[in-house]
There are 2 protein chains.
Amino acid sequence: MISFDTFKPTEGTPIYQQILLFIKRGAVAGTIRDGDELPSRRVLSALLGINPNTVQKAFHLLEEEELIVSQAGAKSVMKITEEKIQKLREDLLRENIRSITGALRQMGISREEAFKLIDQFWEEEETEA
Amino acid sequence: MISFDTFKPTEGTPIYQQILLFIKRGAVAGTIRDGDELPSRRVLSALLGINPNTVQKAFHLLEEEELIVSQAGAKSVMKITEEKIQKLREDLLRENIRSITGALRQMGISREEAFKLIDQFWEEEETEA
DNA sequence: TTGACTGTATTATAGAACTAATACAGTTGG
DNA sequence: CCAACTGTATTAGTTCTATAATACAGTCAA
C-alpha cells in the first residue's frame, strides 16, 4: 500500500496536480513500484482532509496516463514499466530545471552563484530531515 | 518606459502573477530601475493580448507592495529602493530554490546529478539566446 | 452469501481567474 | 483650452478548482 505520510499539500497549486506529482516523483525515485496498491479514494481523502472528488480527479488522470489501473470494486494498482519511468524522469527533470534556470537568469544570477545557493539550501534541508 | 519584449506568458500560472514576477525579477536584475515608467494598463493589455482587468490586477498588487506609485490620469512609475530590491532578491531566490531542491529530492536525484543537469540546461539556454 | 468496502457518476454550490463592456474623473501634450 | 490618454470602478459571464451530498454497481473477505 502506497504511503502518503510525506505528502504535504501546498497552497497555490491545485491539490489534484500535487497528488499526480507525488505519485510520479515516487515512481521516479523508486519508492513507488509496479503492482503497488493505492489507498481507496475515500480513505485517502479522509487522510488528507480533502474531498473524495479531488482524489478521484487525480486518480482519473493517472488512469488516463496509464500509470494506474482501476476496476470497480477493487483498489487501484500502479502499472508502470521501466520505460514509462524513464520518460517520467526526463519530463519532470526538464520541466523543473527549465523553470529554475529561467527564473535565475531573469534575476541576473550567474551560474556560479546559482550553484552556491543550491548547495546551501540542499544542506539546510538535509539537516531538517 | 519598461519593455515587455521578453515577457512570454506561460500556461498553468495566473497571468497577473507572471506580470508581478516579471517586474520583480527585472528589479532584482537591475534592468528595471526606480523612476521607470510602466506602460499604461490599456497599452500593455493590447500588447500582450490579454484583458485590461488582468493587467490592472497585477499593477494594483504592485501598488499594494509599494513597488510602484499610481495616480489617476498619469502613468504608473517604479518606486524601489536598494533595500526593497535586496528583500525581493532574497524572497525570490529562497522561494525558487526551495521548490527545485524539494522536487529533485522527491525524485531521488543526488546533489551531484542536480548540478550536472543544471549545468547542461544552462548551456542549452545560452546557445538559444 | 452477505455486508462492508471498492470505483464511478451525477448534480449543486462557491470562490478564483479571466474576459468583456462600460463609465467616470484626473493628467498631459499640442 | 481640450482632446486624447491615463487610472479606477462596476457589473456580468465563463472556466477551473474544490466541496458537498448522493446513488449505483462491482469486489472481496469473513
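Within every chain, numbering begins at 1; the chains are lettered A, B, ... in the order of the sequence lines, protein sequences first and strands thereafter.
Heavy-atom minimum distance, Ala114(A) versus Trp122(B): CB-CZ3, 4.1 Å.
Looking at residues two or more places apart in sequence or on another chain, you find no ring pair (Phe, Tyr, Trp, His ring centres under 6.0 Å) involving Tyr16(B).
Side-chain N/O atoms of Glu63(B) and Ser70(B) include a donor and acceptor closer than 3.5 Å.
The backbone N or O of Arg33(B) lies less than 3.5 Å from a partner atom in the side chain of Asp36(B), making a donor-acceptor pair. A donor-acceptor contact shorter than 3.5 Å is absent between the side chain of Lys87(B) and the backbone of Glu82(B).
Here the P atom of nucleotide dA21(D) and the CG atom of Asn51(A) are 9 Å apart, to the nearest Å. Counting to the nearest Å, the C1' atom of dG26(D) and the CZ atom of Arg41(A) are 13 Å from each other. Between the P atom of dT19(D) and the CG atom of Leu44(A) lies a distance of 12 Å, rounded to the nearest Å. A straight line from CG of Asn53(A) to C1' of dC16(D) spans 14 Å, rounded to a whole angstrom. Rounded to whole Å, the distance from CG on Leu20(A) to C1' on dT17(D) is 14 Å. Here dT17(D) presents its P atom at 6 Å from CD of Gln17(A), a figure rounded to the nearest Å. Regarding Met1(B), its CE atom lies at a distance of 12 Å from the C1' atom of dC5(D), rounded to whole Å.
Looking at which nucleotide of DNA chain D each of Arg42(A) and Ala74(A) is closest to, the 5′-most match is held by Arg42(A). Nearest-nucleotide positions on DNA chain D place Tyr16(A) closer to the 5' end than the other of Gln71(A) and Tyr16(A).
Residue Thr54(A) has a polar side-chain atom (N or O) positioned under 4.0 Å from OP1 or OP2 of dT19(D).
For DNA chain C, the outermost nucleotides in 5' to 3' order that have an atom under 4.0 Å from a heavy atom of chain B are dA17(C) to dT28(C).
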